[in-house]
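In what follows, a single structure is set out as structure tokens and then discussed.
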Amino acid sequence: MTEKILLVDDEKDFLDVMSERIEARGMEVTKADSAMKALEEVEAGGFDAIIVDLMMPGMDGLQTLKAIKEKNPDLQVILLTGHATVEKGIEAMKLGAMDFVEKPADLDKLTAIIKKAQARKMVLI
């Protein structure tokens, strides 16, 4: 079963490169370059995991996480950041993030987290 991923990041180059790398691992990726676009995609549904950049203009990753969880508490959200702090990691987990991964993301580690997210989703359905 192919994993369906929503990748959210305001940096277009990063979004394109990361989606290609994830797709090369046999996963289906939908891209969103803003929190608002991501929330529209979440409405359409069907994602096994949502990967959200922490630092975005307007609505940041933590606000996006909170909005996603309000729409559907069972969605598996992974926060991705180049600006990790222990405080942000703890806050993300309290808001319901499945994991908190630092950029540059180790693709093997990220793939394992995505597969775990898909397994959790299947248990919750």
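All residue numbers refer to positions in the sequence shown, counting from 1.
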Answer whether the closest heavy-atom distance between the side chains of S34 and D10 falls below 4.5 Å. no
Looking at every non-hydrogen atom in both residues, tell me the closest pair between A67 and L39 and how far apart they are. CB-CD2, 3.8 Å
Check ion pair K31-D16 (N to O, under 4.0 angstrom): yes
When every non-hydrogen atom of G61 is compared with those of V52, the smallest separation belongs to CA-CG1, 3.8 Å
Which value, rounded to the nearest 0.5 Å, describes the distance between L54 atom CG and L62 atom CG? 5.0 Å
Quick check against the 3.5 Å criterion: does E43 have a side-chain atom that pairs as donor or acceptor with the backbone of E40? no
Which Ile, Leu, Val, Met, Phe, Trp or Tyr residues join V29 in one cluster when any pair of side-chain heavy atoms under 4.5 Å counts as a link? I5, L7, F14, L15, M18, I22, M27, I51, I78, L80, M98, V101, L107, L110, I113, I114
Under 4.5 Å between any side-chain heavy atoms of E23 and E28, yes or no? no
For M93, is the CE atom crowded, meaning more than 12 foreign heavy atoms sit under 6.0 Å from it? yes
Heavy-atom side-chain contact between I50 and Q76 under 4.5 Å: no
Heavy-atom side-chain proximity of T30 to K4 below 4.5 angstrom: no
Could you give the distance from CD (Q118) to CG (D48), rounded to the nearest 0.5 Å? 4.5 Å
For residues F47 and E41, determine if any side-chain heavy atom of one lies less than 4.5 Å from a side-chain heavy atom of the other. yes
Would you call R25-D108 a salt bridge at under 4.0 Å N-O? yes
Determine whether a donor-acceptor pair (N or O, by modelled atom type, separation under 3.5 Å) exists between the side chain of K69 and the backbone of L95. no
L79, M36: one ILVMFWY side-chain cluster at the under-4.5 Å cut-off? yes
Quick test of your reading of the model: are K103 and D9 salt-bridged, counting only N-O distances below 4.0 Å? yes
Between the side chain of D53 and the main-chain N/O of V8, is any donor-acceptor distance below 3.5 Å? no
Could you state the interatomic distance from NZ (K66) to CD (E91), rounded to the nearest 0.5 Å? 9.0 Å
Say you draw a straight line from CG of L65 to NZ of K94; how long is it, rounded to the nearest 0.5 Å? 13.5 Å
Ion pair present between K37 and D33, side-chain N to carboxylate O less than 4.0 angstrom? no
Reported CG-to-CD distance for the pair L75 and E70, which is rounded to 0.5 angstrom: 12.5 Å
